[in-house]
*Asks:* 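Handing you this structure, nothing more for now.
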4 protein chains.
Amino acid sequence: MTRKRDREQTRQELLATARRQFARAGYDGTSVRDVAGAVGVDPALVFRYFGSKRGLFDEAMAAHTDAMIDAPLEQWPRELLGRLVFQDWEEYDGEHPLIVALRSIGSDDERDRLRDEICAAHIDKLADLAGDAKDKQLRAELFAAWMLGLGILRSAVRTPALAKAEQQDLQPHLEAVAEAIFGRPIPGPE
Amino acid sequence: MTRKRDREQTRQELLATARRQFARAGYDGTSVRDVAGAVGVDPALVFRYFGSKRGLFDEAMAAHTDAMIDAPLEQWPRELLGRLVFQDWEEYDGEHPLIVALRSIGSDDERDRLRDEICAAHIDKLADLAGDAKDKQLRAELFAAWMLGLGILRSAVRTPALAKAEQQDLQPHLEAVAEAIFGRPIPGPE
Amino acid sequence: MTRKRDREQTRQELLATARRQFARAGYDGTSVRDVAGAVGVDPALVFRYFGSKRGLFDEAMAAHTDAMIDAPLEQWPRELLGRLVFQDWEEYDGEHPLIVALRSIGSDDERDRLRDEICAAHIDKLADLAGDAKDKQLRAELFAAWMLGLGILRSAVRTPALAKAEQQDLQPHLEAVAEAIFGRPIPGPE
Amino acid sequence: MTRKRDREQTRQELLATARRQFARAGYDGTSVRDVAGAVGVDPALVFRYFGSKRGLFDEAMAAHTDAMIDAPLEQWPRELLGRLVFQDWEEYDGEHPLIVALRSIGSDDERDRLRDEICAAHIDKLADLAGDAKDKQLRAELFAAWMLGLGILRSAVRTPALAKAEQQDLQPHLEAVAEAIFGRPIPGPE
DNA sequence: CATGAATGAGATTTCATTCAT
DNA sequence: AATGAATGAAATCTCATTCAT
């Protein structure tokens with residue numbers, strides 16, 4: 001009955017389970033007991049490894065934010081569409097991690113941290129697509145807003161058309177909207 | 001010494017306070033005690049009036065979903081922009097009620113209810129703007145996604161450019177994107 | 001099975017029980033569960049009434065510090081001997097409350113508070129007995145130290161002779177020591 | 001990378017650290033983890049070496065009770081004053097070990113053990129100073145009480161005058177009180 | 001022998017909620 | 001109809017301690 005004594009493996013299992021549970025039920029709706037129980041270890045272990053419930057949450061959510069986009073600027077829109085909207089996020093129980101983060105904001109500090117992360121990771125780079133328009137930043141945010149909205153409607157609200165759409169169904173619309181927002185054509189896949 | 005014995009007034013005060021608190025701290029972050037305390041009544045009253053904490057939440061959030069848009073079809077985009085993005089939502093402590101709802105989803109049933117509400121109130125009508133395109137519903141959802149994303153970025157994430165933008169700053173972008181999505185020009189204000 | 005609903009009575013029972021338990025087992029050795037259980041109420045009630053475990057402790061211990069000595073200066077030594085040494089402290093399970101307090105110091109702040117209380121309640125007044133000697137304060141502390149030591153040896157350590165001594169057995173020694181410390185005779189009971 | 005493998009050295013370090021921590025924070029306020037951590041070893045080692053937390057405590061506290069006073073009877077009062085009151089107890093973080101012991105009494109057995117230790121080490125011998133008075137034992141306890149009280153007031157409560165007094169400031173008072181208690185002059189130094 | 005992964009019990013505290021008055 | 005005393009469940013977290021490695 002006693003678990004295999006493999007720290008790293010146990011840690012990873014806890015993180016994976018935490019991701020799913022936090023995604024499904026939100027921060028407050030998930031208890032450390034739940035997570036530990038699902039993995040089959042004692043809740044105390046969670047505190048040993050992650051210090052606190054929040055520590056577990058942060059580490060679980062941070063896991064997949066790292067990966068930077070490494071594509072040429074022109075392909076960012078399509079890349080973001082793929083990443084922010086058409087991932088299946090099965091690790092997060094089909095829930096969009098940004099929404100999980102959004103749902104789990106519990107203080108202004110956390111809100112600020114989330115904003116800074118989103119800006120740094122997604123928005124700032126987009127501004128370059130607007131050339132030297134005076135409202136570059138705004139345009140970037142307009143586009144990011146669309147991505148975010150699409151992600152939410154598709155994965156959280158599960159609106160009928162978006163829920164069953166595939167990425168290629170959106171490709172023409174993507175190009176049209178990107179051109180409308182950035183004021184110049186953004187080439188699609190050649 | 002005892003409170004004004006005006007049942008209806010107390011109910012309304014409880015709802016108004018609940019709206020603010022739920023918006024600020026989320027469902028789990030708000031306690032019945034907080035709400036009752038802020039109004040100056042006994043928590044037990046909340047249960048007499050609303051049955052349960054969830055009952056209070058539902059009634060508080062439902063209060064302002066009613067108001068239907070009563071404008072000609074062509075003005076829906078602008079109307080929605082005003083309603084979903086550029087409201088100040090002071091009743092909700094500056095927080096977008098859709099986000100409050102989103103943050104408070106605690107079960108699949110609640111998710112379904114939220115979806116149906118959003119579709120009925122905002123999306124279905126938009127589809128008519130797409131004329132007889134075969135992906136009318138999708139286009140409507142694409143546009144709704146943008147609105148939603150804008151609202152979230154502006155009021156919840158508080159992204160810099162959007163946070164200080166005024167509705168008129170977005171008007172040209174609104175027209176461009178609407179045309180891109182619906183495939184035909186949507187006239188701006190006269 | 002449900003308790004009589006008398007707030008004040010319940011409060012007093014909790015305080016009385018808390019006094020005994022804290023005295024017997026010290027602050028850390030006593031759990032809120034224990035106290036509430038002994039009174040037959042739910043632990044949550046303790047928090048409702050006293051805010052925290054510390055709140056319960058403080059109120060329980062403060063209960064009997066108030067009573068000020070209202071005797072002429074010359075009778076202070078005998079009075080203190082009665083109060084600090086020859087009380088039976090049955091409310092505190094036979095334990096000297098100062099020792100309970102001493103045992104329960106958990107931080108420097110608490111130490112400081114205890115010192116100030118002891119000085120204000122017992123020591124400062126004693127200084128007047130030393131007339132205008134330049135080390136009045138020191139003499140007062142020397143005498144207070146004796147009282148304290150007697151109380152501890154009698155009630156906490158339960159040293160054989162002191163444990164079974166009566167106040168009158170100490171009276172001659174009290175007079176001798178008081179005179180030795182304050183440099184002048186302190187009249188006994190006439 | 002692994003610690004110096006000197007069992008005895010590690011034991012001593014653990015004991016020294018334990019003394020300080022127990023003195024500073026009390027028995028309950030000190031965790032095995034703290035002690036082991038401060039020494040840089042694994043907590044499990046503490047259990048190997050000392051069996052239990054209580055075992056560590058007992059051994060740490062017993063360490064310095066041994067040293068017997070090896071002076072002529074007449075010099076005991078002054079000797080005790082030096083030992084019980086004017087030690088700096090730096091090993092115990094400035095805290096009087098008797099108080100540490102007092103604070104850490106957790107059961108009646110422990111209380112009994114402490115009493116026997118105190119009597120054997122300090123009180124019994126003092127009785128001889130009272131000559132053949134019929135209340136020799138009581139007088140010895142009265143004097144010991146004073147020492148104890150002084151120690152507590154000086155090191156635990158940190159009463160102002162005592163906290164900054166030096167041993168020589170107390171010498172005349174010591175002689176006066178000793179004479180008052182034992183009924184005969186006790187010669188001072190030299 | 002020593003390590004450290006893992007445990008189980010228990011502590012304080014907070015909440016939604018019920019029920020006697 | 002309204003109050004507030006009381007409850008029971010659950011949550012986070014800490015500790016002493018054990019046991020496989």
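In what follows, every chain begins at residue 1, and chains take the letters A, B, ... in the order their sequences are listed. The structure presented is a predicted model; accordingly, all values stated were derived computationally and were not measured.
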*Asks:* In whole angstrom, what separates Asp6(C)'s CG from dA20(E)'s P?
*Replies:*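 Distance, rounded to whole Å: 17 Å.
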*Asks:* Not counting sequence neighbours, which residues clear salt bridge (charged side-chain N to carboxylate O under 4.0 Å, His left out) with Asp116(A)? List them please.
*Replies:* none
*Asks:* Quick one, Glu110(C) with Arg54(C), criterion side-chain contact (heavy atoms from CB on, under 4.5 Å). Give me CA distance, side-chain angles, the key distance, then yes/no.
*Replies:* CA-CA 11 Å; Glu110(C) 286 159 31; Arg54(C) 190 78 214 179; 3.3 Å; yes
*Asks:* If you measure from CG on Asp58(D) to CE on Met61(D), what distance do you get to the nearest 0.5 Å?
*Replies:*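 Answer rounded to 0.5 Å: 9.5 Å.
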*Asks:* How many whole angstroms separate atom CG of Leu45(A) from atom P of dA5(E)?
*Replies:*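 So the CG-P distance, Leu45(A) to dA5(E), works out to 9 Å.
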*Asks:* Name the pairs: protein N/O against N/O of nucleotides 10-14 of chain E, kept only if under 3.5 Å.
*Replies:*
unit_1: dT12(E); atom_1: OP1; unit_2: Lys53(C); atom_2: NZ; d: 2.9
unit_1: dT12(E); atom_1: OP2; unit_2: Val32(C); atom_2: N; d: 3.0
unit_1: dT13(E); atom_1: OP2; unit_2: Lys53(C); atom_2: N; d: 2.8

*Asks:* Counting just side-chain N and O atoms, does Tyr49(C) come under 4.0 Å of either OP1 or OP2 of dA6(F)?
*Replies:* yes
*Asks:* In sequence, state the C-alpha distance, the side-chain angles, and the governing distance for Leu98(D) and Ile152(D), and then conclude on side-chain contact (heavy atoms from CB on, under 4.5 Å).
*Replies:* CA-CA 9 Å; Leu98(D) 274 179; Ile152(D) 290 178; over 6 Å; no
*Asks:* Output yes when at least one side-chain N/O atom of Arg7(B) is less than 4.0 Å from OP1 or OP2 of dA2(F), else no.
*Replies:* yes
*Asks:* Please give me the minimum heavy-atom distance between Gly94(A) and Ser155(A), naming the atom from each residue.
*Replies:*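 Nearest heavy atoms, Gly94(A) then Ser155(A): O-CB, 3.7 Å.
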*Asks:* In whole angstroms, how far is the P atom of dT7(E) from the CG atom of Leu14(A)?
*Replies:*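 Rounded to whole Å, this separation is 10 Å.
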*Asks:* At what distance, to the nearest 0.5 angstrom, does CD1 of Ile105(C) lie from CG of Leu114(C)?
*Replies:*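 Rounded to the nearest 0.5 Å, the CD1-CG separation comes out at 5.0 Å.
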*Asks:* What pairs with Arg113(B) under side chain to side chain donor-acceptor pair (under 3.5 Å), at least two apart in sequence or on another chain?
*Replies:* none
*Asks:* Let me know the distance between CZ of Phe50(B) and C1' of dT17(E), rounded to the nearest Å.
*Replies:*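 Between C1' of dT17(E) and CZ of Phe50(B): 16 Å.
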*Asks:* By salt bridge (charged side-chain N to carboxylate O under 4.0 Å, His left out), which residues pair with Asp108(B), not counting sequence neighbours?
*Replies:*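 Residues passing salt bridge (charged side-chain N to carboxylate O under 4.0 Å, His left out) with Asp108(B): Arg111(B).
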*Asks:* Which stems, defined as runs of 3 or more consecutive Watson-Crick or G-U wobble pairs with both pairing distances under 3.5 Å, involve DNA chain E?
*Replies:* E:2-21 with F:2-21
*Asks:* Using a cut-off of less than 4.0 Å, is there contact between a side-chain N or O of Arg48(B) and OP1 or OP2 of dT3(F)?
*Replies:*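 No, no such contact exists.
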*Asks:* What is the distance from CZ of Phe57(D) to P of dC15(F), rounded to the nearest Å?
*Replies:* 17 Å
*Asks:* Any ring pair (Phe, Tyr, Trp, His ring centres under 6.0 Å) involving residues 13-35 of chain B? Give me the pairs, sequence neighbours left out, ordered by first then second residue.
*Replies:* Phe22(B)-Tyr27(B), Phe22(B)-Phe57(B), Tyr27(B)-Phe57(B)
